[in-house]
Amino acid sequence: MIPALTDYLVVDLTTQLPGPYCSMLLADLGARVIKVEPPGGDPLRGFPPAFASVNRGKRDIVIDLKNDAGREVMSRLVSRADVVLEGFRPAVAERLGVDYPSARRLNPAIVYCAISGFGQEGPYRDRAGHDINYLAIGGLLGRNDPPAVPPVLISDLSSGLYAALAVCAALMQRTATGEGRFIDLSMTDCILSWMALDIAAAAQDPDAAREPFLDNIPHYGVFETSDGRYISLGIVHEDHFWTRLCDVLGLNEWRDWSSGNRLSRAAEIREKLRTIFVTATCREWDRRLRKADVPCAAVNNLDELPDDPYIQYRNPFYTLVASNRTESRQVKAPFRTDAPDADGPLPPPARGEHTRAVLSDCGYAEDEIERLIRQGAVHESRFGEK
């Protein structure tokens, strides 16, 4: 971990995936994160593995923002915070009294990040949407023919990543100037950013951009092997990799073909590779191609990841045990440093697990906390701290 954000307090009002992923990344960098849930809880709790995967490192409080006393609690939190994250549809935060103008009145130096599908203004401002819709509008789905649902929630995760990057940049600027910042993050814009290569190619040659990027390259793709598995081949334009591939596959008459010649004979090459790769196992092709220094990799299923030598060496997985004794499989942050390993993060919290502790940190006395709980302004779980 790079504990760069240990001095910062993040108040996270988001649910589902983009915002929680953002605040988890900030927690991985050392930020103190308070997850604020509504009385009904984060809907992602209905999918426990998914919830656990993006909510480590956080304390949890349940606040009813439709309750006047609950809003007062929220105001105290915002006045102490360095960062506020919200993922409501535009105008909802204002109705709940947690919009940027309200937060800035309480805390002029606040960094406030609003994550929404289409941004805070514009023709789609109030339009409903989910990951697949942002991928559709941003052009990513249209890169497949026919369009297909990706196996990963690309828009949700990319927007969480971009939000974390923007928050870190805003905090750096605040350190230099003392000024807070409002961040309007559109999930559709995040997809457009990831489509930059395709958009640039289409501007240069609209016809060339009709096919998915690199799809016209016959030696860049996935091929089935004799054991029903798949091997990925990653030769883009490199002549030296192509020559080595031909040597391994016995295609001596093809080894001097230029990149342009290979593209013009793409269908012939792809079919030949298909018929060759199906003659041996995935492991055998992986061994032979790696020995020849040809870019390749066996296609792993999720249950095969622990057996991969790379995974075994990098050791990216670990387990956290929550207060209710449930275990969750976690993936470490993808960077490594020369600093000693830090203590493990807080496990994914139960709903309202830290309500009392957070209120106490905000200056509430025990009798006031009891009153707020009786009023329904805040809730605590049976695993909550006493």
Side-chain angles (χ1 to χ4, degrees), residues 132 135-136 138-152 154-155 157-158 190-302 304-305 308 310 334:
I132 193 171
L135 301 181
L140 190 147
L141 284 189
R143 300 300 280 132
N144 286 325
D145 185 19
V149 179
V152 175
I154 300 172
S155 175
L157 295 173
S158 67
C190 294
I191 291 303
L192 289 171
S193 178
W194 278 25
M195 293 295 293
L197 292 176
D198 301 78
I199 291 169
Q204 184 82 17
D205 183 356
D207 291 331
R210 294 185 188 279
E211 296 296 327
F213 193 65
L214 303 182
D215 190 62
N216 64 323
I217 300 175
H219 33 67
Y220 188 94
V222 176
F223 299 89
E224 187 173 5
T225 54
S226 65
D227 52 352
R229 296 191 63 192
Y230 293 86
I231 188 82
S232 65
L233 190 62
I235 302 173
V236 183
H237 56 77
E238 303 92 346
D239 291 336
H240 58 287
F241 286 145
W242 167 254
T243 299
R244 295 171 192 170
L245 176 69
C246 289
D247 290 342
V248 172
L249 302 186
L251 300 174
N252 297 328
E253 69 277 16
W254 289 5
R255 67 191 313 274
D256 294 328
W257 285 2
S258 67
S259 178
N261 192 22
R262 300 196 300 267
L263 288 178
S264 67
R265 305 181 70 163
E268 178 185 358
I269 293 173
R270 189 176 288 110
E271 178 60 21
K272 185 67 174 180
L273 295 181
R274 187 190 67 77
T275 60
I276 292 177
F277 277 118
V278 81
T279 63
T281 66
C282 183
R283 175 173 295 191
E284 176 62 16
W285 285 123
D286 187 56
R287 183 191 66 80
R288 293 171 61 183
L289 293 172
R290 286 175 59 196
K291 184 177 180 180
D293 195 31
V294 175
C296 70
V299 177
N300 285 331
N301 295 319
L302 293 180
E304 295 170 324
L305 291 179
D308 191 291
Y310 170 84

Hey, what do you get for [atom1] ([X]) to [atom2] ([Y]), rounding to the nearest 0.5 Å?
X      : Y      : atom1 : atom2 : value
Ile191 : Ile154 : CD1   : CD1   : 6.0 Å
Leu214 : Ile235 : CG    : CD1   : 13.0 Å
Asp256 : Asp239 : CG    : CG    : 9.5 Å
Glu304 : Leu302 : CD    : CG    : 9.0 Å

Tell me, please, which residues at least two apart from Asn252 pass side-chain contact (heavy atoms from CB on, under 4.5 Å).
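Asn252 satisfies side-chain contact (heavy atoms from CB on, under 4.5 Å) with Asp247 only.
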Restricting to side-chain contact (heavy atoms from CB on, under 4.5 Å), what partner residues turn up for Ala297, sequence neighbours left out?
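For Ala297 the side-chain contact (heavy atoms from CB on, under 4.5 Å) partners, ignoring immediate neighbours, are Ser232.
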Kindly state each residue pair satisfying ring pair (Phe, Tyr, Trp, His ring centres under 6.0 Å) with at least one member in residues 227-252, sequence neighbours excluded.
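Residue pairs with at least one partner in residues 227-252: His219-Trp242.
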Side chain to side chain contact (heavy atoms under 4.5 Å, CB included) between Leu263 and Ile217: does it pass, once the steps are laid out?
CA-CA 6 Å; Leu263 288 178; Ile217 300 175; 4.0 Å; yes
Is the shortest side-chain heavy-atom distance between [X] and [Y] below 4.5 Å?
X      : Y      : answer
Arg229 : Asn300 : yes
Trp285 : Leu249 : yes
Trp194 : Leu140 : no
Leu233 : Val294 : yes
Ser155 : Ile132 : no

Should we say atom CZ of Arg288 is surrounded by more than 12 heavy atoms from elsewhere, each under 6.0 Å from it?
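Yes.
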Report, as yes or no, whether the 6.0 Å neighbourhood of atom CD on Glu253 holds more than 12 heavy atoms from other residues, nucleotides or ligands.
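Counting other residues, nucleotides and ligands, CD of Glu253 exceeds 12 neighbours.
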Restricting to non-hydrogen atoms, name the atom on [X] and the atom on [Y] that form the minimum distance, rounded to 0.1 Å.
X      : Y      : result
Asn216 : Ala266 : O-CB, 3.8 Å
Gly139 : Met195 : O-CE, 3.6 Å
Cys296 : Leu289 : SG-CB, 3.5 Å

Sub-3.5 Å donor-acceptor pair from the side chain of Ser226 to the main-chain atoms of Thr281, do we have one?
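Here the side-chain-to-backbone pair exists.
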So, does Arg262 use its side chain to make a donor-acceptor pair with the main chain of Trp257 at under 3.5 Å?
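Indeed, once roles are kept as given, a pair shorter than 3.5 Å links the two residues.
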Check Arg270, Arg274, Arg265 against Pro218 for a side chain to side chain contact (heavy atoms under 4.5 Å, CB included) and give me the one that passes.
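Checked Arg270, Arg274, Arg265 against Pro218; only one passes side chain to side chain contact (heavy atoms under 4.5 Å, CB included): Arg270.
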